[in-house]
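To keep things clear, I will list the structure first and then write my remarks on it.
When a residue number appears, it is its place in the shown sequence, counting from 1.
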Amino acid sequence: MSLEIVESIKEKISSLNTSDLIKYIINNYKNVALSSSLGAEDQVLTDMIFKVDKNSRVFTLDTGRLHSETYKVMDATNLKYDVKIEVFFPKSEDVEKLYLTQGVNGHFESIGNRKNCCNIRKIEPLKRALENVDIWITGLRASQGITRETMPLIEWDENFKVIKLNPLINWSEKEVWEYIKANSVPYNKLHDSGYPSIGCEPCTRAIKEGEDIRAGRWWWENPEHKECGLHKK
């Protein structure tokens, strides 16, 4: 049944531009939510969504290890749209166990440790956030890396048992920034310092000229491993 719904929605939205696609989804379906990292792409979608309905659901995951600039853009977003973005945190007891088993920065020691950290700080909170969601909107773009280049506009996400909509999947980075500037959308100032992709502070760095835009995420790992589990192929 879920696949049938996905195909039905796909047929209805395939010819729409992104703004009209967002408007159609918000106006015609219940239990829709955007998961926002507060990065540039998600800020574009936040602007589009709140222009349709300020009561729409937008949430973020506070891992406990975010950059201060990320909190600043969250605050600026709340103020601009007169909203309160929902925030989901990891369970304190899970973080305490994580520190006991692999220390503060054990995620650098192995892919297993890093994924365990991501699971506690991101995956488990996301599962709670998506409990009553039917359509999950994300800011994924195909050109963000090899783990995302085959992702479709809309799909059934078996991992989280939800319809997943990627409205910006075919957007370029240039289009993202043109929209932000044209609509005065708040954005994370780390983007101005060479951070095209922003996650947790210890796992994110600025990229060098010519590097892939996801090179600053988990930079000590191979490109094919650079997902935390939020978005699987």
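Results of the ring pair (Phe, Tyr, Trp, His ring centres under 6.0 Å) test with F59 over W136, F89, F88 single out F88 as the only residue that passes.
Side chains of N188 and Y195: no donor on one and acceptor on the other come within 3.5 Å. There is a side-chain donor-acceptor pair under 3.5 Å between K51 and N183.
Between E178 and K181 there is no salt bridge, since no side-chain nitrogen of the basic residue lies less than 4.0 Å from a carboxylate oxygen of the acidic one.
Residues K23 and V52 come closest through the heavy atom pair CA-CG2, 3.9 Å. Shortest non-hydrogen contact noted between E175 and W171 is OE1-CA, 3.2 Å. Considering all non-hydrogen atoms of both residues, K30 and D134 come closest at O-OD2, 3.7 Å. Taking all atoms of both residues into account, the shortest heavy-atom contact from L126 to S35 is CD1-CB, 4.5 Å. Nearest heavy atom pair, residue V73 against residue T77, reads O-OG1, 2.7 Å. Taking each heavy atom of I22 and P167 in turn, the nearest pair found is CD1-CG, 3.9 Å.
In this structure a side-chain-to-backbone donor-acceptor pair under 3.5 Å is present from T46 to D42. With D62 contributing its side chain and G64 its backbone, the two residues share a donor-acceptor pair below 3.5 Å.
Using the six-membered ring where Trp is involved, Y81 and F50 have ring planes that are tilted, between 30° and 60° apart.
Put simply, W177 and I198 are part of two different groups of oily side chains (I, L, V, M, F, W, Y) that touch within less than 4.5 Å, one to the next.
Cation-pi geometry between K97 and Y99 is not satisfied (NZ or CZ under 6.0 Å from the ring centre, within 45° of the ring normal).
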